[in-house]
> 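One structure, as structure tokens, below. Some questions next.
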2 protein chains.
Amino acid sequence: MASITEVARLAGVSTATASRVVSASAYPVSAATRARVLEAARTLDYVPNALARGLLKSRVPVVAVIVHDITDPYFAEVVRGVEDAASAAGYLVITCSSERNAERERSYIRLLRSMRAAAVVFAGSGLDDPALNEEMDRHLAAMQADGAAVVHLSPYAGGSPEVSVDNAAGIAAMVAELVALGHRRIAFLAGPRSLFVARERLAGYRRGLEAAGIPFDEAIVVRTSFDADGGALGVDTLLASGAPFTAVCCANDLLAFGALQRLAALGIAVPGAVSVAGFDDIPTAALTAPSLSTVRLPLREMGRRGFRHADRLLAGDVPAAEIMPTQVMLRGSTAAPPAADAPRAPHAADAAGVA
Amino acid sequence: MASITEVARLAGVSTATASRVVSASAYPVSAATRARVLEAARTLDYVPNALARGLLKSRVPVVAVIVHDITDPYFAEVVRGVEDAASAAGYLVITCSSERNAERERSYIRLLRSMRAAAVVFAGSGLDDPALNEEMDRHLAAMQADGAAVVHLSPYAGGSPEVSVDNAAGIAAMVAELVALGHRRIAFLAGPRSLFVARERLAGYRRGLEAAGIPFDEAIVVRTSFDADGGALGVDTLLASGAPFTAVCCANDLLAFGALQRLAALGIAVPGAVSVAGFDDIPTAALTAPSLSTVRLPLREMGRRGFRHADRLLAGDVPAAEIMPTQVMLRGSTAAPPAADAPRAPHAADAAGVA
DNA sequence: CTGAAAGCGCTTACAG
DNA sequence: CTGAAAGCGCTTACAG
């Protein structure tokens with residue numbers, strides 16, 4: 001692979017001059033010289049060595065995105081958004097699936113530091129785990145001290161995210177829609193207790209209930225993992241408790257998928273007997289049967305803005321935090337409760353028997 | 001950030017010695033010296049500069065995965081597999097969503113070359129586009145000439161993939177299952193005509209039919225894009241044609257999702273009136289209602305092996321190509337045809353009217 | 001077993 | 001407008 005030395009030699013100029021033209025520096029170079037260098041670069045198929053350049057700048061045009069799991073459609077969307085904005089700016093994106101595992105995060109951050117990645121975008125929410133967070137902070141401080149940009153797209157221990165969405169308002173809006181449909185016994189599948197974002201969403205549920213004058217009932221709030229298994233388990237738990245409900249509001253779409261499936265397996269009609277609502281609007285939400293009513297988060301756009309925020313940070317700016325809008329998407333999984341005047345648990349006894 | 005020079009100074013040794021211990025070189029260093037260097041590295045929180053090292057080796061521990069779209073669950077799984085194996089080996093993974101767009105691929109390959117990525121894994125199938133392929137080959141040849149490893153996980157213009165699956169056999173196995181269920185009019189949603197992998201899958205469909213002694217009927221084969229929209233469109237096309245069918249075999253799960261949804265919207269029962277089968281077994285395939293019968297591809301494992309293949313290539317080995325097994329997963333979307341003795345198009349006229 | 005020195009491919013004061 | 005030279009942080013013959 002040709003180096004700038006060879007380009008300079010072929011063009012008959014110094015490497016300084018060659019560098020100035022191929023790196024699009026603002027330094028003045030005569031048009032004739034410039035043309036000769038460009039010509040030489042072309043004939044040698046010259047591709048600058050990002051490592052050599054990075055060694056000087058102590059920074060390489062690479063952004064890392066830390067996700068819980070790239071296989072989760074929520075994160076895949078965010079990564080895609082980061083990628084779109086990043087590649088437009090000549091950056092490459094590194095994907096790190098941390099599994100919320102301290103050891104994995106630690107080793108990723110170390111690799112990223114060794115690579116002199118220019119920026120790190122944390123796509124997922126932080127966990128309320130003091131030990132993990134203390135260690136994370138040390139690494140982050142080191143990266144920032146090196147001049148790397150750090151951006152969060154979800155709440156975390158260190159404070160509020162630079163680019164995000166109002167999770168609580170989003171859930172509250174969905175609760176309001178369910179109430180408007182006639183529901184008053186609205187169960188909530190809350191996700192993991194220690195995940196900051198799950199906490200915000202639970203707060204949104206309470207706020208929505210409050211706005212409608214409906215008392216909060218701990219008996220119909222279930223905390224499970226943030227995935228489809230958690231949704232199925234949540235339905236089982238709700239049914240087993242015997243507490244009545246006509247709608248299940250879920251803290252994310254995966255939970256809703258699991259709930260939908262479990263309900264179908266139990267022969268409980270959606271939305272005939274129970275309504276189900278999700279949150280996030282991942283691409284497949286429109287493909288379930290019935291299609292899922294949910295709250296749309298501008299996931300891809302959050303990724304794009306996350307990159308741009310980092311890019312501005314790198315340029316020395318201090319951009320303001322951004323909060324993006326959410327939007328309720330009413331589809332096939334929600335409807336009025338079966339008997340608006342006397343809401344009861346749908347086949348509670350039968351279903352529990354089936355389960 | 002501390003450099004090796006500072007570590008060496010603190011330990012009271014030369015940078016050569018310090019380098020030998022921190023880089024785990026095989027070069028002999030006395031135990032006492034080694035301990036002092038390690039201690040210095042620890043107190044300075046020394047993280048080696050991968051760029052400086054990469055500049056010498058002209059290779060950095062980074063693998064790139066070229067996918068069509070990271071947002072497609074098929075690719076997210078493969079990327080995750082690559083990531084798991086790569087991070088275990090101290091590599092970082094770069095994600096490139098090419099959108100099968102020549103310009104995007106070109107610019108990615110250029111960035112990757114400039115970064116001296118050690119390996120490139122092509123997760124998706126090639127397109128039968130001579131112009132694009134000719135250009136791709138040039139870049140790849142340049143990367144390989146630089147010593148980078150290149151691995152394909154799906155068929156492409158240049159030959160057969162290093163790590164893959166027998167697509168044709170997989171589809172043929174699914175056709176055999178449908179036949180065993182009593183179907184003889186099995187429609188096929190084939191995906192894009194120019195994608196090599198779609199061609200293999202179509203060949204598998206023909207082979208499956210042939211094995212069952214069922215004549216191939218072009219009238220019930222539809223070619224569309226490889227996504228849910230394509231599946232919905234495929235169902236409409238099939239219904240509009242008036243040709244009878246009792247099952248729809250799809251070349252991938254996304255197509256099947258679209259078909260399932262369209263069929264539900266038209267009020268055509270699955271699997272009561274028509275059976276639907278997918279291919280790939282992406283994670284959400286088990287979550288649709290009815291759950292999707294499909295063919296499981298070991299996506300994550302393909303990713304892992306893809307990395308390991310690249311790693312071996314980098315080590316100078318010439319590993320043999322690997323073909324991994326597929327497995328038919330029969331779930332809720334397939335059953336015996338409605339009237340095994342007289343298969344007809346389900347509500348063909350009505351449905352077409354609805355559409 | 002240890003160290004001095006060259007060199008990987010760039011960019012950037014600095015001098016002209 | 002152009003170029004000689006230093007230096008970014010490593011590793012590796014080479015000499016001892």
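Every chain is numbered from 1 and lettered A, B, ... according to where its sequence line falls, protein lines coming before strand lines.
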> Protein within reach of the bases, or only the backbone? For nucleotides 11-16 of chain C, mark each nucleotide 5' to 3' as B, S or -, using heavy atoms under 4.0 Å.
BBBBB-
> In sequence, state the C-alpha distance, the side-chain angles, and the governing distance for B/Glu103 and B/Tyr108, and then conclude on side chain to side chain donor-acceptor pair (under 3.5 Å).
CA-CA 9 Å; B/Glu103 194 44 57; B/Tyr108 269 125; over 6 Å; no
> Using a 4.0 Å heavy-atom cut-off across all strands, classify B/Ser58 as base, sugar-phosphate, or nothing.
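Here B/Ser58 touches no strand at all.
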> Do A/Leu127 and A/Phe196 make a side-chain contact, defined as non-hydrogen atoms from C-beta onward lying under 4.5 Å apart?
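With C-beta onward as the side chain, the pair stays apart.
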> Strictly below 4.0 Å, N to O, side chains only: are A/Asp317 and A/Arg308 in salt-bridge contact?
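No salt bridge links A/Asp317 with A/Arg308.
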> Rounded to whole angstrom units, what separation is found between the CZ atom of B/Arg9 and the C1' atom of C/dG3?
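Nearest whole value for this atom pair: 16 Å.
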> Tell me the interatomic distance from A/Met115, atom CE, to D/dC10, atom P, rounded to whole angstroms.
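It works out to 14 Å between those atoms.
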> Do the ring planes of B/Phe75 and B/His68 sit parallel (below 30°), tilted (30 to 60°) or perpendicular (above 60°)?
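B/Phe75 vs B/His68 ring planes: perpendicular.
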> Roughly how many Å is it from CZ in A/Arg59 to P in D/dG9, rounded to a whole number?
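After rounding, the reported distance stands at 12 Å.
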> Less than 4.0 angstrom from a charged side-chain N to a carboxylate O is my criterion; do B/Glu6 and B/Arg9 meet it?
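A salt bridge is absent here (no side-chain N lies under 4.0 Å from a carboxylate O).
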> For a stem of at least 3 consecutive Watson-Crick or G-U pairs with distances under 3.5 Å, i pairing with j, i+1 with j-1 and so on, which stems involve DNA chain C?
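Runs of three or more consecutive pairs: C:1-3 with D:14-16, C:5-12 with D:5-12, C:14-16 with D:1-3.
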> Any ion pair linking B/Arg305 and B/Asp311 (charged N to carboxylate O, less than 4.0 Å)?
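The answer is no: the pair does not qualify as a salt bridge.
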> Could you state the CG-C1' distance from B/Leu55 to C/dC10, rounded to the nearest angstrom?
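Value for this atom pair: 8 Å.
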> Charged N to carboxylate O below 4.0 Å: is that the case for B/Glu39 and B/Arg36?
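So B/Glu39 does not pair with B/Arg36 through a salt bridge.
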> Please give, in whole Å, the distance from D/dC10 C1' to A/Arg116 CZ?
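From A/Arg116 CZ to D/dC10 C1': 11 Å.
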> Do the non-hydrogen side-chain atoms of A/Ser87 and B/Arg104 ever get within less than 4.5 Å of each other?
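Contact flag for A/Ser87/B/Arg104 side chains = yes.
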> Between C/dC10 atom P and A/Met1 atom CE, what is the distance in whole Å?
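The answer, rounded to whole Å, is 9 Å.
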> Any side-chain N or O of B/Ser14 under 4.0 Å from OP1/OP2 of C/dG3?
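Yes.
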> Counting only side-chain nitrogens and oxygens, does B/Thr5 get under 4.0 Å of the OP1 or OP2 atom of D/dC10?
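Result: no.
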> Distance check needed: C/dG9 P versus A/Leu51 CG, whole Å only.
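The answer, rounded to whole Å, is 11 Å.
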> Decide if the gap between the ring center of A/Tyr91 and the ring center of A/Phe307 is smaller than 6.0 angstrom.
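So the answer is yes for these two rings.
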> Which sits closer to the 5' end of DNA chain D, A/Ala31 or B/Glu6, going by the nucleotide each is nearest to?
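Nearest nucleotide further toward 5': that of A/Ala31.
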